[in-house]
Every structure is written in C-alpha cells, then in structure tokens.
Amino acid sequence: MLQSFKHLFTCNLVLSRSFSGYVSRMRYLMRLKEDDEAYREALKSGKVLLYHKLSPLLRKTSSGVYKLASLKTSDLEQILEKVGKDKHFVNESFLLGCTDKGEPQFSLEVGDLDRSALEKECRGMFVDLRKAFFMIPGPESPLAAKGQALLRWHQTNCFCSATGQPTVRNQSGSFRVCHSSGITYYPKMAPVVIVLVSDGSRCLLARQAMFPAGMYSALSGFCDMGESVEEALHREVAEEVGLEVENLQYSGSQHWPFPQSSFMLACHATVNPDKTQVNIDKAELEDARWFTYEEITEALQNPPRDPRREPPVFWVPPSYAIANQLIQEWANQQQLSRKLHRLK
C-alpha cells in the first residue's frame with residue numbers, strides 16, 4: 001500500500017496566497033472556459049505565449065537570463081500584421097490559466113509563419129522545449145510545458161475517432177466536439193509511474209539509448225489499462241531490471257510533456273539488500289546500475305549548465321524533472337541517516 005512520503009517531501013502545492021484569492025481565480029478561469037464572450041474580453045487584456053512548431057518563444061533579459069516571452073494581445077496583433085498575418089489570428093489562442101494577479105494567460109501556435117521574421121519582431125527566439133527547460137527559470141517550466149501540451153493535443157485531435165469527422169474546439173480550447181456523433185473530447189494525460197529503487201545504501205538508476213549522453217534516471221513506464229499504481233510499479237521494475245520491490249512510498253506528481261502529455265506519479269521503493277542482482281531488459285534499457293550516496297551527491301551538485309557543452313560522464317535529470325526530486329529526496333534521507341548513525 002502506498003504511504004505518504006511527508007518526512008521527505010514538502011508539498012509544492014502550498015502557495016503564498018490567500019485561499020479566497022485562489023478560489024476567485026479558479027472560478028474566473030471556469031467562467032472563461034464556459035463563457036465565450038468573457039473569454040474574448042479576457043483575451044484583449046491578457047498575455048500570449050507563442051510557439052513555433054511547438055517550440056516556445058524566449059527572450060533574453062538585461063541580466064542575461066532567458067525567460068518565456070509573454071506578449072500583450074495588442075502588441076501581438078501588430079506583430080502579426082507586420083509578418084503578413086491577419087491580427088484576428090490571435091483569436092486562435094488557447095486558455096492556459098492566469099497569474100496570481102488574475103491576469104489571463106494564453107498560448108498560440110504560429111508554426112505556419114516565417115520563424116526568423118517573428119523572432120525579429122518579437123525580439124526573441126524559438127527554442128526546442130527540452131533545451132528551453134535548461135534556459136528558463138524553474139517556476140516557468142510548468143507553464144511552458146502546459147502551453148505546448150495543449151497545443152499538441154489540439155493538433156492531434158482534429159478528427160473524431162468514432163466517425164472520422166472533424167472536431168470543433170470551443171472558444172477557450174478546453175474541449176473539442178464532434179457534431180456528427182455528439183462526442184466531446186477533453187485534453188488527456190497518460191498515467192506514468194516513476195520509481196526510485198533503493199537497497200538501503202544505494203539507489204538504482206537506468207538509461208535508455210535515447211537519453212542524452214551520461215544521463216541516468218529513475219525507472220518509469222506507462223500504466224496498463226486497469227492497473228493500480230502499485231501494480232504498475234511492481235510490474236515495471238520486474239520487467240526492466242528483474243527486481244522485486246517492497247515498501248512503496250508516494251512522493252508526488254508532475255505533468256510531463258514528453259513524449260506527448262504524461263502524468264507522472266512518483267514513488268520510492270526498496271528491495272531486499274540480499275536480492276540486488278540487476279537483469280536488464282535490453283529492449284527497454286541501455287544500462288542500469290546501482291549508485292552510491294557519494295556518486296549521487298556529486299551529480300546533484302554539478303548539473304550540466306549549458307546543453308550546448310559536453311555533459312558530465314554521469315549526471316541526473318535537471319531540477320524541473322520529478323526524477324530529480326526523487327533523487328534529491330533519497331540523498332537527503334541518506335544524509336539524515338548518516339548523521340543519526342554518527343550520533344549513536
């Protein structure tokens with residue numbers, strides 16, 4: 001049975017805001033999803049994130065830091081006209097959310113327009129999302145991921161799976177409808193379990209051939225139809241590395257935009273220290289091995305700083321990934337255990 005991992009994980013949903021303010025914003029967003037006129041009014045005063053073939057637009061600040069480019073609708077309309085597009089194209093934007101101040105946020109795909117012309121007019125550059133994650137501040141990563149995921153979902157759900165007829169979006173982009181069948185389609189995420197396995201003093205990390213050179217991560221896999229989280233975790237670890245896990249502990253969750261749109265359910269698990277022989281499924285993994293506390297600490301303290309440079313021989317996923325959270329939690333627990341052992 002999954003247990004809370006409270007002693008290592010501080011819930012990141014506790015935000016610095018009043019509960020009443022949060023409720024007001026959520027109800028405001030609900031209204032924008034359901035009321036087309038309210039949506040159009042909000043779009044006039046909101047901010048839009050641009051994507052060119054699903055790559056977000058970034059701008060470099062005066063301090064040299066890259067941030068998501070958030071354009072006022074009025075400014076974007078002028079830019080669209082300068083690059084030969086009708087300003088009303090901005091109405092194709094999708095609702096993302098709103099800031100703590102209640103300012104609505106939208107995303108817009110402009111992949112049919114000239115990339116260089118847009119970058120010049122917007123004073124920024126479109127960057128592949130994986131690379132962008134290394135460049136933008138951590139708090140902006142979920143918004144960038146959500147914007148891409150929503151755009152991708154609409155691109156891949158233009159037709160009804162039952163009739164083959166076109167689906168039509170509602171104004172805000174919160175769903176699509178097939179008027180032929182009456183079926184309503186909502187954006188979906190595929191559940192994925194991700195688990196950090198430990199034998200008590202070491203943790204198990206693996207890599208796939210598609211990973212960047214030197215990067216190892218926690219084990220993960222899609223949940224099968226009808227599976228519980230516990231069943232999926234036991235199965236994935238058994239399939240990929242031939243180990244039987246014990247004592248599952250829930251850590252947290254995260255939306256992950258790759259390969260499409262996944263919902264990551266993160267856990268810790270242990271194995272019997274006398275049964276740690278790894279038997280890799282070569283069809284799934286390129287390598288998997290046990291790492292010591294010292295190796296993990298070194299990797300956490302020296303992450304790759306620039307995706308354009310040669311990465312370290314061994315490194316772990318960056319801080320925006322929930323795999324990094326699992327690894328950091330394990331390292332913290334090991335550090336605490338060592339301190340307690342010295343005090344005895």
For [X], which residues count as a ring pair (Phe, Tyr, Trp, His ring centres under 6.0 Å) partner, sequence neighbours excluded?
{"X": "His154", "value": "Phe94"}
{"X": "Phe291", "value": "Tyr216, Phe314"}
{"X": "Phe211", "value": "none"}

### Task
Any side chain to side chain donor-acceptor pair (under 3.5 Å) involving residues 32-47? Give me the pairs, sequence neighbours left out, ordered by first then second residue.
Glu37-Arg40, Arg40-Gln171, Glu41-Lys44
### Message
By the side chain to side chain donor-acceptor pair (under 3.5 Å) test, which pairs, at least two apart or in different chains, include something from residues 108-123?
### Response
Asp114-Ser116, Arg115-Glu119
Side-chain heavy-atom pair [X], [Y] within 4.5 angstrom cut-off:
{"X": "Val110", "Y": "Val83", "answer": "no"}
{"X": "Gln249", "Y": "Cys267", "answer": "no"}
{"X": "Val245", "Y": "Val195", "answer": "no"}
{"X": "Lys275", "Y": "Leu243", "answer": "no"}
{"X": "Leu71", "Y": "Arg59", "answer": "yes"}
{"X": "Phe126", "Y": "Pro56", "answer": "no"}

Atom pair [atom1] ([X]) and [atom2] ([Y]), whose distance is rounded to the nearest 0.5 Å:
{"X": "His268", "Y": "Leu196", "atom1": "NE2", "atom2": "CG", "answer": "6.0 Å"}
{"X": "Arg338", "Y": "Leu336", "atom1": "CZ", "atom2": "CG", "answer": "12.0 Å"}
{"X": "Gln148", "Y": "Leu129", "atom1": "CD", "atom2": "CG", "answer": "4.5 Å"}

### Query
Does NZ or CZ of Lys85 fall inside the cone over Phe89's six-membered ring, less than 6.0 Å from its centre and within 45° of the axis?
yes
### Arg202 NZ/CZ over Tyr293 ring centroid, <6.0 Å and within 45° of normal
no
### Query
Okay, side chain of Arg169, backbone of Glu92: is any donor-acceptor separation there less than 3.5 Å?
yes
### Task
Give me the other members of the hydrophobic cluster that Tyr185 sits in, counting Ile, Leu, Val, Met, Phe, Trp and Tyr linked by side-chain heavy atoms under 4.5 Å, directly or via other members.
Trp153, Ile183
